Number of protein chains: 2
Amino acid sequence: MQYEMPTLTHVARLAGVSENTVSRVIRNKGPIADATRDRVVLAIEKLGYVPNRAAGSLASSGSLLIGVLLPSLSNIVYPEVLQGIYAALAATSYQPMIGVTDYDPVKEQSILSSLLAWQPAAIITTGFDHTDATRRMLDNSRVRVAELMDIDAEPIDIAVGLSHHQAGYAVGRHLIARGYRRFGYVGHDWIADRRARMRYDGLVQALAETGMTLEGEQCFDGPSSTMAGRDTLAILLERLPGLDAVVFSNDDMAVGGFFHCLVAGIAVRERLALFGFNGLDIGQVLPLPLSTVRSNRFLIGKIAVEKLLESPERALDKLVVDTGYDIVEGATA
Amino acid sequence: MQYEMPTLTHVARLAGVSENTVSRVIRNKGPIADATRDRVVLAIEKLGYVPNRAAGSLASSGSLLIGVLLPSLSNIVYPEVLQGIYAALAATSYQPMIGVTDYDPVKEQSILSSLLAWQPAAIITTGFDHTDATRRMLDNSRVRVAELMDIDAEPIDIAVGLSHHQAGYAVGRHLIARGYRRFGYVGHDWIADRRARMRYDGLVQALAETGMTLEGEQCFDGPSSTMAGRDTLAILLERLPGLDAVVFSNDDMAVGGFFHCLVAGIAVRERLALFGFNGLDIGQVLPLPLSTVRSNRFLIGKIAVEKLLESPERALDKLVVDTGYDIVEGATA
DNA sequence: GTGAAATATGTTAGCGCTGAGATATCAAAA
DNA sequence: TTTTGATATCTCAGCGCTAACATATTTCAC
C-alpha cells in the first residue's frame, strides 16, 4: 500500500527534463522557459512530490531553518515572541526549530549544538548571557545571530529589544512624578531572569537620583507567577504596611499583587499603587487596568526575523534595534 | 578565521579508524571495543565534532525529528502541551519541529507537507479535523501519528486527551446537583474551536436530560480571551439578568466574566455562578478560585511522546489514552 | 550572415552520512 | 591443528539533492 516517496528523478522523468531543471523550477533559480516550468509544475502536482529537505540541505550545506532558543514556555512572553517569529516567517519558506533552555546557559549551549547540526540559516536567542563555548560555536558557523529582548550590551550580530535598565528607570521617574514616596519592590528569581534585575537597577537608580531608596523588597524564590506575586506582596506588606507604591518584576507578579489587595481590602492606587512590566492582556482587563510598561514582544520576534533574512552574511557592524517601551498609565498607579 | 566544520572523516582520521566505526560509536550501534570507543570519543571532543543531521537523515531516510502541529500559540493551553512534549523529549535525542495551523485544516495540510519533507519519525497534531489530503499524506509516510486533546473519535494511530463531550456533560450534572436552574452560556468562535463546541453539546445534553435548557447563550465572534469573556457576559446579562449560572467556553472567558461581576457588583456564586474549563493558574488565583474542569495539558503532551516513541511502527489497533478531567470545585459555583 | 551575448537546458561530481555485506581477529570447541 | 562462531572493524555504494560547468539554442547588433 505504501508507494515510495517520489523524488526529483521521478518528476524529471515524468516531465521529460533533467533533474537539475526540476530543481531550478522548485527553487526559482536560473532561467526557465515558461513551457518547461509548466510541465514540471504539472508533474510535481501529479506525483504529489515534496522535496526532501535533508538532501537539499546536505547538497547546499545550508537550510531553510532558523534555530530559536527560548528560555521558557511557561512565561507567556516567549510564546508571544514566537508568534512574531512565525508571523514574519509565514511569507518565506523558512521554518523555525525551537529549543527551550530553562534560562540555563549550559543547556543553551547543548541545544545550540544540536540545532547547528541542521545547518540553520540563522539563530535567534535571548539575551546576552551565553557561555564561551556558545559564542565560539556561533562564530565558527557562519550563521546570522539575533539576540532578543535586551539591548543593553554589545550583540554578536543583531540585537532586538529594549533597554530594561532604561525601562526600570522610567518607571521610577514616573512614580516619583506622580507623588509616590514610599517604595517597595516585589520580585522573583533573578539569577535566572537577568532582565528583571536590570529593570530593578534602573528603578533604584531613578530613586537614588531623587534622594530616595526602596523601603523594602521581597523576592520570591522561583519563577514569576500570579500566585507568587500575590503571596509575596502579602509578605512585604506585613513587614512594611506604610508603603505607598510597589513595583513588581513583571505583570504576572503585579496581577497577583492586585488580587491580594482585592482580598485584603486595600484600596489600589489610593492607598497603594501597583506597577508591573510587560503590558500583558490580563493586566489590562482587571477591574482597574494595571499600570505597567508595554514591551513589544510580538514586534521583537517579527523584526528579528526580518533583519536576519535581509542578508545571509553578517554585516560589518553590529545592528541594534530598539523596539522601545511605553508607559501604560493604567489605573493602579 | 572560520575553519570548516569537522566531519566524520576528520574524526575517523584523528582516531585512526574508519568512518563507519565513528558512526557506530556515535549511534551506539553494533559492537565496539572499549579502547576504540575511547579513542573516538576523544577525537570527537578534540575536534568539537557535531554530526550533520541532514546527512544522517538522508542516508538513513529517517530523522530524530518529531513534527508538532499546534492550532495556536496565543491560547496558553498549547504552550503547556508543548512543555509536556519537551519534557518527554528531553531524555531522548529527538527534537520537535513545530508548526502553527491557526485552527485551519488547509494550513495544517500545507505545514504538514513541509514537515514531512524532513522525514520526521512521528507527527503530533491536534484533534481529528484534517483534510483528506492530510490523512493521505499521513498514511503514505510511515510515520507514527498522535492526535491530541480529544478522544471523541477514531484516531489515525494514537489519540491522547479527554472526552470533551463528557466533560461538558459532567459540568451540567455538577451544576444541576448544586441547585442551579437558570443557565446561560458564554462562548467564542467555535467554527475554529470544535472542542469547545463538544463541551457545549455535552452541557446541553445534561440539561436536557433533566428537562432543562439553556436560557440564553452569547458567543463572541473571535478567539477566546479574558476581554471577550468580560464583554460577552455583560451582553448576555443585559438580555437575561435572571440567570443564576453561566458556563464559559473556557477559563480565559470565565476569568473575564469574573471581572465583569466584580465591576458590576454582582455577587459571584450567591447571585451568579461562573464555570470555566481548563483549570488555568490564573483562575485559581482569583479572589474566589474559579470553578472549572482541569484538563491535563502537560500530561497530554508528555504521554503522546512516550507512546509514540515506544515503537517506530504503528500498532495494529489504534491506541486511545484518556487523560481524564477533574471537576475543580472552586468558589464561583 | 557572422559573432557575441543572452537564454535555456544537460552533465557530472559530490555534500556527510549510514547500511549491508566483506574481512580480519581471536577464543573456545572439535 | 583445524573449525566454528563470536566479536570487531572495514569497504563501498548510495540516500536525493545542488553547484559548477558544459552544451545547445536563440536573439540581435553590425
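Given the structure is predicted, the values throughout are model-derived calculations rather than measurements. For the numbers below, each heavy atom of this structure counts, side chains included, while hydrogens, waters and symmetry mates do not. Order of the sequence lines fixes the chain letters, A, B, ..., with proteins taken first and strands second; residue numbering starts at 1 for each chain.
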Give the rounded distance in Å between these two atoms: CG of A:N28 and P of C:dA8. 14 Å
Atom pair distance, as rounded to whole Å: CD in B:E19 and P in C:dG19: 14 Å
Find which nucleotide of DNA chain D each of B:R39 and A:L58 is nearest to by heavy atoms, and output the residue with the more 5' nucleotide. B:R39
Could you tell me the separation between the CD1 atom of B:I123 and the CG atom of B:L308, rounded to the nearest 0.5 Å? 9.5 Å
Heavy atoms from C-beta onward define the side chain here; which of D:dG16, C:dC17, D:dA19 lies closest to that of A:A55? D:dG16
I want to verify a distance call: between D:dC17, C:dT9, D:dG14, whose nearest atom is closest to the A:N52 side chain? D:dC17
Looking only at side-chain N and O atoms, does B:R27 come under 4.0 Å of OP1 or OP2 in C:dT18? yes
Between P on D:dC17 and CD1 on A:I44, what's the gap in Å once rounded to a whole number? 10 Å
Could you check how far CZ of B:R53 sits from P of C:dC17, rounded to whole Å? 11 Å
Closest non-hydrogen atoms of B:W118 and B:S57, given as atom of the first, atom of the second and distance, are O-OG, 4.3 Å
CD of B:Q119 versus P of C:dC17: gap in Å, rounded? 17 Å
Quick one: is A:T36 getting a side-chain N or O under 4.0 Å of the C:dT9 phosphate, OP1 or OP2? yes
Passing option when B:D129 is tested against B:R194, B:K107, B:R135 for salt bridge (Lys or Arg N to Asp or Glu O under 4.0 Å): B:R194
Donor-acceptor pair under 3.5 Å: do we get one between A:N20's side chain and the base of C:dT11? yes
Using atom CG of B:L8 as one end and atom P of D:dG14 as the other, report the distance to the nearest whole Å. 20 Å
Would you say B:T21 places a side-chain N or O within less than 4.0 Å of OP1 or OP2 belonging to D:dC10? yes
When every non-hydrogen atom of A:P71 is compared with those of A:T126, the smallest separation belongs to CD-OG1, 3.3 Å
Can a side chain N or O of B:S61 be found less than 4.0 Å away from OP1 or OP2 on D:dC15? no
Does any part of the side chain of B:Y49, heavy atoms only, come nearer than 4.5 Å to the side chain of B:L8, both counted from C-beta? yes
Can you tell me the distance, in whole Å, between the CG atom of A:L47 and the C1' atom of D:dG16? 15 Å
From CZ of A:R37 over to C1' of C:dA8, roughly how many Å is that when rounded to an integer? 12 Å
Residue mapping more 5' on DNA chain D - nearest nucleotide basis, B:S18 or B:S60: B:S18
